[in-house]
Protein chains: 2
Amino acid sequence: MVRRVVREPTNVVVELDDRKATILKAVVVEHIDTAQPVGSSAVAASADLDVSSATVRSEMVALEREGYLAQPHTSAGRIPTDKGYRYFVDHLQSGVLGSVQQKQVKDFFASVRGEVEEVLEKTSTLLSQMTSYTSVVVGAGHAHATILSVQLVNLDAHHHLLVSVFSDGSVVKHSLTPNFEAKPEEVMEASRQLNALLINTSLETRVQVPSRRDNVANLVREAVSTLHAQQPVMEGEQVFIGGSSKVAEVFEGVETVRKVLAILEQELLVVSLVQDILDQGLSVAIGSEHGFEPLSTCALIVAPVTIDGVPAGAVGLLGPTRMKYREAMAAAEAVSKQLSRHFAGADDRG
Amino acid sequence: MVRRVVREPTNVVVELDDRKATILKAVVVEHIDTAQPVGSSAVAASADLDVSSATVRSEMVALEREGYLAQPHTSAGRIPTDKGYRYFVDHLQSGVLGSVQQKQVKDFFASVRGEVEEVLEKTSTLLSQMTSYTSVVVGAGHAHATILSVQLVNLDAHHHLLVSVFSDGSVVKHSLTPNFEAKPEEVMEASRQLNALLINTSLETRVQVPSRRDNVANLVREAVSTLHAQQPVMEGEQVFIGGSSKVAEVFEGVETVRKVLAILEQELLVVSLVQDILDQGLSVAIGSEHGFEPLSTCALIVAPVTIDGVPAGAVGLLGPTRMKYREAMAAAEAVSKQLSRHFAGADDRG
DNA sequence: TATTGGCACTCGGTAGAATTGACTGCTAAC
DNA sequence: GTTAGCAGTCAATTCTACCGAGTGCCAATA
C-alpha cells in the first residue's frame, strides 16, 4: 500500500470567518425551516450581511469545498452536511427555552405523581409533545443499588416468586420453579435466610451460599443464583419511548420511517446508543457521528439525568438531521434538569 | 320532494348464491394480493366458474348494489367493501395455519422462558414476525386475584414502598409518602398488620382498617387506601405491542401511518378496543365495525387467552382491511391457544 | 330466460415535449 | 475583494396525446 500524506481539510476543525459563519447559519436555519435547498439569493436577502448574491455564491463554493455544505444537483441551492450542522450546533446557536415551554416543564413536574416508572413514562410523553420529536427516556439500572429486602412467596408447590426491593425503589420479581417440592415452612425459612444473606448487598457482591443439600438450602442457592444471573450490563434499564408516531411526521419516505421505527423497537439498541453518546461527552449526535448506519439521517439529542450527582439515566430526542436543534436541545436540557431535581428533591413535598 | 319507496337490500344479510360468492371471493383474494381494483375479466379467468366476463360484470353490478363491492371510479375494477370482507371472512375462507408456522409456534413455546411479562412481550414479537402485521398482546389485570403477601419496606423516613404479590404471580409496588415520620419498627409492625389484614383478599374486597391514630395505624390506612385506589377497570392490564414498524409497511400513506401509530401509543385505547371486540364475540373487526373512526381503514383480529377456562387476556393483530385474514387469523388462534396452554401447563416442565 | 360477444365510452396512468424557473459558475468591470 | 451580468444546468411543472383496462349496454344466441 502506498503511503500518502493525505491532507483532509475536512477534518481540521477551524473557526470559520465571520461571513462564512453567517452564511452557513443562514443556510442551516432556512433549510431546517423549509426542508428545501437554499440558494445564494435567499441567503443574501435574509442574512444581516450586505453583500450580493454573487459574493455569497463564491463563499458557498468555499464552504462546499470545506465540507460544510452540499449540493443535491448542479442547479440547486445548498443544503448543510452533517459537518455543517455540527458547526451550527457548536458555534452558531444559542439554546434558550421559550418561557411558555419553560413553564410547561415546571408545571408538569409540579403536578406529576406516581411511581418512578410512571413519571418517566409521562416525562417521555411530555418531551415528545413539546418538541414534536420522538423522545427516549432511559432510567438507569440498579446494578449499584443495594437490596433492602427479598422475599420468597409461595405460589404453589413448584412455583415460588422471589421479590426483591432495591434501595433505588425498584422492585424485581423472579420465578423459581425448583424440581423438588418444598413445604410452605421451608419456603418461609428460605426467605428468612435470603434476607439475612442479601440485605445491604448489591447485585455485584458475591455472597456465601449454604452448601447443605436440604430443601431450604437448595431454595436459597437457586434464589441467589437467579438473582445474580442477570446481564451484567443494563439489566433493569428502563426505556420509555414517547411519540413514535412523530416519526411518520418528521421523516420523509416510508422506508426511512420503517427503518427508524424498527430501531426504536429494539430498545436495548436505543439504550446503548444513548449511552454511547453520553460516554463520548456529546449532547448531540448528528448523522453518522454515532457510527450507527441505519440512523445516518437522524440526529439524536441526549441529556443526562443525575440524582444527587450520580448518573441515573438520560433523556433523548430523535429527529431528522434537519431538526430544530435549539428548541429540542433546550427542551431536553430543561427536562433532564427538572427530572434530576424531581428525584433528588422528592422528599420536599408533603 | 318526491316520496319514494327506498329499498335497502344492503342491510339485509342474505346468503349469496354460489356464483356471486365465488366472484366475491375471487375479487377479495385478488385484491388482497395485488392491492389493485379487480376487473371482470380477471375474475372470469381466475375463478373456477365457466362464464364470460360479461356475466361476471352483471353479477358485479348486483354485488355492488348489495354493498359487497365498490368502484373507485367508473372505468376501474371493483374492490371489496367492509361488508364484502366480512362476508369473505365469515363464509368464504378456511383458516389453517401452514405446518411450518405451526411448528414455529410450537418451538417458540417449547423454548420460551422467563417471567410472564417477558413471555407476553416475546409472544408479541413472534406474532408480528409470523404475520408481518402489528401485534397486540394483552395480559388481563389482577382484579380478581387474591393477595398472597404485602410488605412495607422502608426507603427513608418519609418514603415507604408497598410491595404486593398476587396469586396470579404479579407484583405491584406503590410508594407511600406519609407526612409523618415513622420509625422502622413502626413500619415493620404496619407491614405485619397489613399482611394479616389483606392476605387472601382480592382488590375488590373491602377490609376493616384500624381507626386508631398512631403511626402504625395511619400507615396501614394509607397503604390500604393506596392499594385499593386504583382504577376499577383494567388496572394492571399489561399491553405489549410488537412490530409497530410493520405499520409503515402495510399501510399506505404517511397520514394513515401516523394515525395508526398515534393510536397504538395510547395503550389503554387499544386495550379497550380489543376488549370491545371480544365482548361482541367477534374475532375480527373490519373497517368501522368497532365504531372507532380513526381505525376505519384497519382490520383487527383478536383471539382470547384463557387460563384453565378463565379469561386472561387476548392476542391481536392489526392490519389494513385488505389483510391476509386466513393466515393472520390462524396465527392469532394458534398463538392464543398455545399461550393459554403455556400458562395452564406451566407446572409440567422441570 | 340466462348468457354471451361486441361495441362505444370513461377515465386514470404514462410517456414525451415544451416550458419554466431557481439555481449555479464564470467573467469582466468596478 | 466585490459585483452585475450572462450563459448554462437541471428538477419540476405543465400540457398533450394516447394507451388500455375496464365498464355498461344491447342485440343475438342457445
Side-chain angles (χ1 to χ4, degrees), chain A residues 16-81 84 252-253 322, chain B residues 16-81 84 252-253 322:
Chain A
L16 293 175
D17 67 63
D18 262 13
R19 197 167 65 185
K20 282 207 182 63
T22 314
I23 290 172
L24 175 57
K25 181 174 178 179
V27 171
V28 173
V29 168
E30 182 76 9
H31 182 253
I32 285 176
D33 195 43
T34 63
Q36 298 293 324
V38 183
S40 56
S41 56
V43 173
S46 83
D48 30 22
L49 33 81
D50 281 328
V51 289
S52 76
S53 66
T55 313
V56 173
R57 276 202 289 283
S58 66
E59 293 286 50
M60 274 172 148
V61 301
L63 283 168
E64 183 169 4
R65 196 174 45 235
E66 292 167 43
Y68 294 97
L69 295 178
Q71 224 177 351
H73 58 85
T74 323
S75 70
R78 303 303 209 290
I79 56 174
T81 60
E252 43 212 18
R322 54 168 278 274
Chain B
L16 293 175
D17 68 65
D18 261 12
R19 197 167 66 184
K20 282 206 181 64
T22 315
I23 291 172
L24 175 58
K25 180 174 179 180
V27 172
V28 172
V29 169
E30 183 76 7
H31 181 254
I32 285 177
D33 196 43
T34 63
Q36 299 292 325
V38 183
S40 57
S41 56
V43 173
S46 83
D48 29 22
L49 34 80
D50 281 327
V51 290
S52 74
S53 64
T55 314
V56 174
R57 275 202 290 284
S58 68
E59 292 288 50
M60 274 173 148
V61 301
L63 282 168
E64 184 169 1
R65 195 173 45 234
E66 292 166 43
Y68 294 97
L69 294 179
Q71 225 177 351
H73 58 86
T74 324
S75 69
R78 303 304 209 290
I79 57 174
T81 60
E252 43 212 17
R322 53 168 280 275

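A note on names: the letters A, B, ... follow the listed sequences, proteins ahead of strands, and every chain is numbered from 1.
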- Rounded to the nearest Å, what distance is computed from the CD atom of residue B:Gln36 to the C1' atom of nucleotide D:dG22? 13 Å

- Search all heavy atoms of A:Ala76 against all heavy atoms of A:Pro72 and return the closest pair with its distance. CB-CD, 4.2 Å

- Task: Determine, stepwise, if the pair B:Leu16 / B:Ile23 fulfils side-chain contact (heavy atoms from CB on, under 4.5 Å).
- Result: CA-CA 10 Å; B:Leu16 293 175; B:Ile23 291 172; over 6 Å; no

- Within the pair A:Thr55 and D:dG1, is there a side-chain N or O less than 4.0 Å away from OP1 or OP2? no

- Item | Any donor-acceptor N/O pair, B:Ser40 side chain to B:Val56 backbone, under 3.5 Å | no

- Message: If I take atom CZ in residue A:Arg57 and atom P in nucleotide D:dT9, what distance separates them, rounded to the nearest angstrom?
- Response: 16 Å

- Contact check, residues 72-79 of chain B vs DNA chain C, heavy-atom distance under 4.0 Å, returns B:His73, B:Thr74, B:Ser75

- Starting at the 5' end of DNA chain C and moving along, which residue's nearest nucleotide shows up first, A:Val38 or B:Ser58? B:Ser58

- Task: Might you point out which heavy atoms bring B:Arg322 and B:Ile32 nearest each other, and give the distance in Å?
- Result: NH2-O, 2.8 Å

- Message: Nearest whole Å is fine: how far is D:dG1 C1' from A:Lys20 NZ?
- Response: 12 Å

- Whole-Å distance between D:dT2 P and A:Leu49 CG? 11 Å

- CD of B:Gln71 versus C1' of D:dG24: gap in Å, rounded? 10 Å

- Message: Heavy-atom count check: over 12 atoms from other residues, nucleotides or ligands less than 6.0 Å from B:Asp18 CG?
- Response: no

- Footprint ends on DNA chain C, 5' to 3', for atoms under 4.0 angstrom from a heavy atom of chain B, come out as C:dT3 to C:dG12

- Test side-chain contact (heavy atoms from CB on, under 4.5 Å) applied to B:Val38 and B:Arg78, step by step: CA-CA 5 Å; B:Val38 183; B:Arg78 303 304 209 290; 5.8 Å; no

- Query: Looking at B:Pro37 and B:His31, what are the two nearest heavy atoms and their distance?
  - Reply: N-CD2, 4.1 Å

- Message: Between B:Thr81 (side chain only) and B:Gly67 (backbone N and O only), is there a donor and an acceptor less than 3.5 Å apart?
- Response: yes

- How long is the line joining CG of B:Leu69 and P of D:dG24, in whole Å? 11 Å

- Message: Can you measure B:Met60 atom CE to D:dA21 atom C1' for me and round it to whole angstrom units?
- Response: 13 Å

- Not counting sequence neighbours, list each pair that qualifies as a salt bridge (Lys or Arg N to Asp or Glu O under 4.0 Å) and has a residue in residues 51-63 of chain B. B:Arg19-B:Glu59, B:Lys20-B:Glu59

